[in-house]
Amino acid sequence: MSLLVPHGFEIFLLGLATGIFVCMMRPGTGVISLTVLLPSLVMTLFGVTWLALAAWQGETLATWRLIWPVLLACPVAWVVRCVRLDPVWFWGGVALGASGAGAWAISQVLVLGADRAAGHDPLHAILFGNLALMMGLFCLVGFNWAWHQPSVHSGAA
């Protein structure tokens with residue numbers, strides 16, 4: 001959503017806050033396994049270190065625009081673990097997001113005549129491209145998942 005909609009980042013934060021609230025209301029969701037927590041903690045440590053170095057050099061605001069997704073890794077991992085989405089909805093959302101980002105990039109370049117595809121402010125063009133490519137690569141994983149699902153056929157002949 002943050003790639004395609006103006007102020008999508010704020011909508012994402014609202015959704016994340018709602019997810020955290022729902023998870024806090026569910027009993028037994030306070031503990032996360034190390035396999036889920038460790039990668040997000042490493043990304044958060046990376047983001048905090050990067051932000052500290054930028055603050056030292058006086059470039060905090062410019063850096064903040066690039067690292068906010070990295071710093072959201074821990075709460076997002078906790079909410080995803082807590083909510084436990086049906087894989088069909090998860091992979092459908094990834095495919096919809098990747099398709100939307102690709103369509104937005106194509107329309108910006110071909111229809112609007114932009115030199116470079118970018119998301120809406122405050123999303124930086126490089127971050128837009130990185131997130132769009134990441135979702136596209138996730139779609140490859142989704143294809144693998146879908147390929148290994150049992151085939152569902154209707155009973156009608």
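In what follows, residues are counted from 1 in the order of the sequence shown. If you're wondering where the values come from, they're calculated on a predicted model, not measured in any experiment. The analysis underlying the following values was restricted to heavy atoms, covering all of them including side chains, and did not include hydrogens, waters or symmetry mates.
- As a member of the Ile/Leu/Val/Met/Phe/Trp/Tyr network built from side-chain separations under 4.5 Å, W56 groups with L53.
- Enclosure of atom CG in D115 is not indicated, since only 12 or fewer non-hydrogen atoms of other residues, nucleotides or ligands lie within 6.0 angstrom.
- In this structure, V88 is a member of the same hydrophobic cluster as V94, with clusters built from ILVMFWY side-chain heavy atoms closer than 4.5 Å.
- With sequence neighbours left out, the ring pair (Phe, Tyr, Trp, His ring centres under 6.0 Å) criterion links F46 to W50.
- Under a hydrophobic-cluster definition in which Ile, Leu, Val, Met, Phe, Trp and Tyr are linked whenever side-chain heavy atoms come within less than 4.5 Å, directly or via other members, L51 and V48 are assigned to the same cluster.
- Residues meeting the side-chain contact (heavy atoms from CB on, under 4.5 Å) test with A117, sequence neighbours left out: A105, Q108, V109, F128.
- In terms of heavy atoms, M135 sits closest to A101 at CE-CB, 4.1 Å.
- Here L137 sits in one hydrophobic cluster together with L140, F143; the rule is ILVMFWY side chains under 4.5 Å apart, joined directly or through other members.
- Listed by chain and number, the residues in a side-chain contact (heavy atoms from CB on, under 4.5 Å) with V141 are W91 (sequence neighbours excluded).
- Of the possible donor and acceptor atoms, one in the side chain of S107 sits under 3.5 Å from a partner among the backbone N and O of W104.
- Of all the heavy atoms in G136 and A98, the pair that sits closest is N-CB, 4.0 Å.
- Among residues two or more places apart in sequence or in another chain, the side chain to side chain donor-acceptor pair (under 3.5 Å) test is passed with N144 by H148.
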